[in-house]
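Protein chains get the first letters and strands the later ones, always in sequence-line order, with residue 1 at the start of each. Quick note: numbers below take in every heavy atom, side chains included, and nothing from hydrogens, waters or symmetry partners.
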Amino acid sequence: MTNPTGFDDPRAPFDTAPAPSAGGIAARAMAARRAPAYLDGLNPEQRLAVETTEGPVLVLAGAGTGKTRVLTTRIAHILASNLARPSEILAVTFTNKAAREMKERISRFIGGNVEGMAWLGTFHSICVKILRRHAELVGLKSSFTILDTDDQIRLLKQIIQAEGLDDKRWTAKAFAGMLDGWKNRALTPKDVPEGEARAFANGKGRKLYEEYQDRLSILNAADFGDLLLHVITLFKQNPDVLADYQRRFRYMLVDEYQDTNIAQYLWLRLLAQGNPNVCCVGDDDQSIYGWRGAEVDNILRFEHDFKGAAVIRLERNYRSTSHILATASHLIAHNQGRLGKTLFTDFHEPDHDLVQVASVWDSQEEARSIGDEIEALQTNGHKLNDIAILVRASFQMREFEDRFVTLGLNYRVIGGPRFYERMEIRDALAYFRCVVQPADDLAFERIVNTPKRGLGEATLKLVHGLARAERIPLMQAADQLCQTEDLKPKARNTLNQVLADFTRWRSQLAGVKHTELAEIILDESGYTEMWRKDRSAEAPGRLDNLKELIRSMEEFESMAGFLEHISLVMDRDTAEANDAVSIMTLHSAKGLEFDTVFLPGWEEGLFPHQRSLDESGRAGLEEERRLAYVGITRAKKRAKLYFASNRRIHGLWQSTVPSRFLDELPAEHVEIAEAASSYGGYGGGGYGASRFDRADPFERGSYSTPGWQRAQKAKAASSELFERYDTRSSRTRREGPRTIEGELVAKSVSETPSEFSIGERVFHIKFGYGAITAIEGNKLTIDFEKAGRKKVIDSFVERH
DNA sequence: AATCCGGCAAGCTGA
DNA sequence: TTGCCGGATT
């Protein structure tokens, strides 16, 4: 039997071998001793990316070019060449899923032992690890808790109210968004630019941020943004600590570099100062998280930031047909801010399908048509698991679900509310947190009166008051309060009982198996009982979820270990046993692949999404285009795009214009397909008013003269500048369409009052004749003779 | 404590 | 149009 790993002995203890100095002659000699088997089957670029271990390297890995393989092989190569021990490699991913995958693949290489890879994980989990060691240096205790979004919102709300602000005008959610933006940019309260700090709560933004951080440190807690931010602070203020990690990490790898934000970039740069062996892997064309703080600039500027960087492009695609690649490449070439790659493949067959574009009348026909196509594929022996529908916005999903239920077609929705976000899970976790961490005030608050036990607002207020006055945790305050006469006997007894319960459970931590203890807690607290008595439709499901929760605890050694994991891991385990079509958003499709991909909803306003254009102009448009690129490149064999002439948006039927992205596809790789079941008359067969059938869609006549472009550019720049300093009036000020260099980037909805009057008889292209019964602005309510009562926008009907 | 009503928003989501 | 939130109401 051949050795699949190419190692002399896959069980060799890498961890104990002395690591030769990086790039030393001995190391090179050892590496060169033979061409290891794990390098077989890599193409020259991949091999280069694996073997260029020294100095900064940027691997531009296009979709489907074997990125993960390169990353894992690179790590294996570093280990096999004895350049570093497993514990000396830092490998960062964005998601737990990616980290898990990488661990699995590496363990296959090195014979099942990745225990030594202590520093392979997400940015956040690695930061937690570092922080727990040096917590006191940033004002925390090593046992600090990690707040999730829900805790954070509740805390913010308290602070906003404490400041005497109207918490409706200044919502906790909005402020959480701002905080996120600041922390993504590694801004501490004092760093926040004056203008931004003043934009919230009548100029109190900075103060609220400061108070929030104070509260966190009193609670001995950190939010997700803090995990990174604290480590940056730690490194900056403690050069000796930083130097220690710089020495430790001989090799650093970052996956999905295009998704890093400024804080993550700074974090990496601090570590890289001591050691240039940084390898970042990413694809600027797949940067679709700008709205979450990701900076495409990080990847675009890599060569500038890391001097002497090698840039390696992986352009050989192993996933898709040449038509699909050509279509995606042609589309993405319309973006300006990109490093530029062109995917290619040797996979050419005359019978490969062209990329198809279909025009349908409305979203219902779209769902019907796609349903029919899927049934046809199924009849021809295709697996539903190999088929996906990728939508821009989650509201589009419902139409497909309705249709597939009718057809009896198996489907699964990826995304949606996560397991850990469910109320019952959060409640149960809060109980466990109170047992393990008696000082966890937020958890205590959550469950002190769940199930209802008559500990209402009045009691809580007293506890809160004492806790704040004495600066002690809520549970301790409650305990003290029970010794006094301040509480009514009934409340005192109940509270005493609750505290006694927690003390008892805590005493069982050491003796009882943690899964059993979890059951005991949920039973004795009356929590399971509460759901058993609940007769609502979702109660049984909730009980199932609780069982599932306890089952999932089994993998962990202790309750504390489980909680640590839970606070970082947000993946829901997905059962993929049965055959089903996947329905998901384009965002959640990144990294996946399917034989057949359906891409509905290619209409202006939906895709590209209007809001993206309004908020971010040209940059927003380019991000939308990257999203389109991600969508198309998910397909291995077949991609079919849809455009509906009518779509209901927020309850109103609107006529739509085909997405400009359709105009940007290469005609020679695309065919116009008739939708399976078109209505007669309108829209049948073609695009109607589309620009798609124009001889040259890029020809813009006199509008493309340099002078005109300059004028538009100047106009756009000045209006953008202006808008940045005035958030309130941008909506009303924007008048006509906003155009940048000949591209329509934003169009405003007409706000002029309707010219119609009640009782008037009108004609609508979809619903036929009817009479107006009500008018609100430009929205008309019309009783149609055939279609019944509908609300429509006035510009879609004609007087008759 | 449970339910009802009105108002508001409505894009993507990770740790 | 739906769905969620919060306040008011029973």
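The nearest whole Å value for the distance from the CD1 atom in A:Ile288 to the P atom in B:dG14 is 11 Å. Atom P of nucleotide B:dC12 and atom CZ of A:Phe94 are separated by 20 Å, given to the nearest angstrom. Between the P atom of B:dA15 and the CZ atom of A:Arg292 lies a distance of 8 Å, rounded to the nearest Å. Here B:dA15 presents its C1' atom at 11 Å from CG of A:Asn261, a figure rounded to the nearest Å. Rounded to whole angstrom, the span from the CZ atom of A:Arg453 across to the P atom of B:dA1 amounts to 12 Å. In this entry the distance linking CD of A:Gln264 with P of B:dA15 reads 12 Å, nearest Å. The distance between atom CD of A:Glu604 and atom P of B:dG11, rounded to the nearest whole Å, is 18 Å. Distance A:Ile649 CD1 to B:dA10 P: 14 Å, rounded to the nearest Å.
For the salt bridge (Lys or Arg N to Asp or Glu O under 4.0 Å) test, no residue two or more places apart in sequence or in another chain qualifies with A:Arg634. Here A:Ser287 pairs with nothing under the side chain to side chain donor-acceptor pair (under 3.5 Å) rule; sequence neighbours left out. A:Arg611 pairs by the salt bridge (Lys or Arg N to Asp or Glu O under 4.0 Å) definition with A:Glu615, not counting sequence neighbours. Checked against salt bridge (Lys or Arg N to Asp or Glu O under 4.0 Å), A:Asp284 has the following partners two or more places apart in sequence or in another chain: A:Lys341. By the salt bridge (Lys or Arg N to Asp or Glu O under 4.0 Å) test, A:Glu101 pairs with no residue at all, sequence neighbours left out.
Taking the P atom of each, C:dC5 and B:dC12 are spaced 15 Å apart, rounded to whole Å.
Heavy atoms of A:Lys590 sit nowhere under 4.0 angstrom from any nucleic acid atom. As judged by a 4.0 angstrom heavy-atom cut-off over every strand, A:Glu623 is placed among residues making no nucleic acid contact. Using a 4.0 Å heavy-atom distance criterion, A:Thr585 is classed as a sugar-phosphate-only contact. Within 4.0 Å of A:Thr149, counting heavy atoms only, lies at least one base atom of the nucleic acid. Note on A:Arg648: nothing from the nucleic acid sits closer than 4.0 angstrom, heavy atoms only.
Across B:dT13, B:dC12, B:dG11, the shortest atom-to-atom separation from the side chain of A:His609 is found for B:dG11. Checking B:dA2, B:dG11, B:dA15 against every side-chain atom of A:Lys452, the shortest atom distance belongs to B:dA2.
At the phosphate of B:dA15, OP1 or OP2 sits under 4.0 Å from a side-chain N or O atom of A:Asn96.
No hydrogens or angles were tested; on distance alone, nothing pairs the side chain of A:Thr95 with the base of B:dG14 as donor and acceptor under 3.5 Å.
In this structure, a donor-acceptor pair under 3.5 Å is present between the side chains of A:Tyr212 and A:Asp223.
An aromatic stacking contact links A:Trp291 with the base of B:dC12, defined here by ring centres under 5.5 Å apart and ring planes under 30° from parallel. Judged by centroid separation below 5.5 Å and plane tilt below 30°, A:His650 stacks onto the base of B:dA10.
Exactly one of A:Glu623, A:Gln258, A:Lys590 qualifies for a side-chain contact (heavy atoms from CB on, under 4.5 Å) with A:Tyr289. That residue is A:Lys590.
Nucleotides of DNA chain C with any atom under 4.0 Å from a heavy atom of chain A span, from 5' to 3', C:dT1 to C:dG7.
Across all their heavy atoms, A:Val498 and A:Arg453 have their closest contact at CG2-CD, 3.6 Å.
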